[in-house]
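Inspection log for the structure reproduced underneath, given as structure tokens.
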2 protein chains.
Amino acid sequence: MPKRVDHAERRTEIAEALVRVAGRRGLHAVGMREVAAEAGVSLRLVQYYFQTKEKLLLFGLELLAERFGERVSARVRAAGDAPGPRAMIEALLMAALPTDDESRTFHHLYTSYAVLAVNDPALAAQPFIKNPDAAEDALTELLRQAQEAALLEPGVDARLEAAGLLAMSAGLGTGVLVGQRSPESATTVLSHHLNRIFRTGDAVRT
Amino acid sequence: MPKRVDHAERRTEIAEALVRVAGRRGLHAVGMREVAAEAGVSLRLVQYYFQTKEKLLLFGLELLAERFGERVSARVRAAGDAPGPRAMIEALLMAALPTDDESRTFHHLYTSYAVLAVNDPALAAQPFIKNPDAAEDALTELLRQAQEAALLEPGVDARLEAAGLLAMSAGLGTGVLVGQRSPESATTVLSHHLNRIFRTGDAVRT
DNA sequence: GGTTTTGTGATACGAACGTACCATGACGTT
DNA sequence: AACGTCATGGTACGTTCGTATCACAAAACC
């Protein structure tokens, strides 16, 4: 039966199976056999397209990062239609919160990978873990634009604010993920903080 | 040699060994044999004092939470000597950042447990994961005190601010942990945000 | 058309892991 | 002094995991 096959495509299919089963049962619990079953192929095939489990995991992380990047930029683009920079900033930050199954899986797995990266140099070297974060640059730029349009409160440092907001979003996401906090309360917290950065009339009463 | 032995004490020793080896090699990689070796006892003993690995992990989390709670309140108490509420708040938030080995291990393992809790109801039910967080209550109270002393900028919601700050601290901690960010830059970000909440003269130039 | 490469299946192997079982010396109790 | 329970050691069992090996059919190439 061996037709010639597109390796990249096949690898993607298998990695998607990895992401699915890891999302269901936790990254620590996934084995090559289960990934194979989920992808509907034999164990041998998983070995064939990825030689080792480590390479499979690496590729899975790449896929995850890529998909998530697309998701975020799609949301930001969608928000960039009419309103101001604030809508885009909010879209960027909210996209990372685990509000639906997709983002929940993403957050879960990304955190799993981050934990593994602490003891695994190969994972730690991955751009997605290692990078000064494209997201931070993008958010900083958005904040600068808002600043030049005089939309922000004075005394805001765009770069520091961007780093803080992203960290907050990530932290809230973890809280939601483990059930400490509802998605709604997370968005409330985030909105409140944006309100305190953006220059608006609706100050919250104490 | 079997003197009568204090079970609680023995269990703590073994759990400490668990925390040490998990801190070194990652929670996912620790086995009962290695814990036994680290604790200087036989595998049989680990089984004797904890019947199952799951119970060992559960107890390890309890120990971790307890130790960390002590650490944080010790720091807050130390900061509560002379200055204002801000020093205590800063101490509370900074204590969670992975700046030294101890807090680094804590953050690492706590995140590991949180990830496991996503797929493990028994872990998710643990108070430390599950609770509306004593830290949030404490921080909220500190913010309220500062507020009543008119130390805060207007428009700050103590509870939302507390939740946001803790999430930010956690997020920054993860960044430090995986090497995305230096401890110094994390404290800088945190300080900047506190500056924007507290009423002080030293506004940062834009 | 024969040969080499490529895709795929089945299965075996060695290691590690959690757990269970058996044995035995020391202590507390009576 | 005898007995039972406590603490501990050693080791075996069954499973699972990642990886390696053997086998073979379909296509590609010359």
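The side-chain heavy atoms of B:Leu109 and B:Leu61, taken from C-beta on, include no pair separated by under 4.5 Å. Taking 4.5 Å as the limit, every side-chain heavy atom of A:Pro98 sits out of range of all side-chain heavy atoms of A:His108. A:Met168 is listed as a side-chain neighbour of A:Leu190, based on a closest heavy-atom distance under 4.5 Å. Side-chain contact between B:Leu56 and B:Tyr49 is absent, with no heavy-atom pair separated by less than 4.5 Å. Between A:His192 and B:Glu161 there is a side-chain heavy-atom pair separated by less than 4.5 Å.
Atoms NE2 and CD1, from B:His193 and A:Ile197 in turn, are 6.0 Å apart once rounded to the nearest 0.5 Å.
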Between the protein and nucleotides 21-23 of chain D, list the N/O to N/O atom pairs that are separated by less than 3.5 angstrom.
from	atom 1	to	atom 2	distance (Å)
D:dT21	O4	A:Arg44	NE	3.3

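In this structure, B:Leu57 atom CG and C:dG18 atom C1' are separated by 12 Å, rounded to whole Å. Nucleotide D:dG18 holds its P atom 12 Å from the NE2 atom of B:His28, rounded to whole Å. Between the P atom of D:dT19 and the CG atom of A:Leu43 lies a distance of 10 Å, rounded to the nearest Å.
The existence of a salt bridge linking A:Arg33 and A:Glu38 is excluded, since no basic side-chain nitrogen approaches an acidic carboxylate oxygen closer than 4.0 Å. No salt bridge links B:Asp157 with B:Arg144; every basic N to acidic carboxylate O contact stays at or beyond 4.0 Å.
Remark: B:Thr52, B:Lys53 in residues 48-55 of chain B come within less than 4.0 Å of DNA chain C through at least one heavy atom. Within residues 29-42 of chain A, the residues that place at least one heavy atom under 4.0 Å from DNA chain C are, in residue-number order, A:Arg33, A:Ser42. Against DNA chain D, the stretch residues 109-122 of chain B makes no heavy-atom approach under 4.0 Å.
Contact check, B:His7 against D:dA7: a side-chain N or O comes under 4.0 Å of OP1 or OP2. Taking 4.0 angstrom as the limit, B:Arg10 places none of its side-chain polar atoms (N or O) nearer than this to OP1 or OP2 of D:dA7.
Using cut-offs of 30° and 60° for the angle between ring planes, the B:Phe106 and B:Phe68 rings count as parallel.
For the pair B:Arg86 and B:Phe198, the cation-pi criterion (under 6.0 Å, within 45° of the ring axis) is fulfilled.
Contacts of B:Thr111 classified as side chain to side chain contact (heavy atoms under 4.5 Å, CB included), with partners at least two apart in sequence or in another chain: A:Thr111, A:Val115, B:His107. Residues satisfying the side-chain hydrogen bond (donor to acceptor under 3.5 Å, both in side chains) criterion with B:Arg44, sequence neighbours excluded, are absent altogether.
Taking both residues in full, the closest heavy atoms of A:Asp100 and A:Arg75 are given as OD2-NH2, 3.8 Å, listed atom of the first, atom of the second, then distance.
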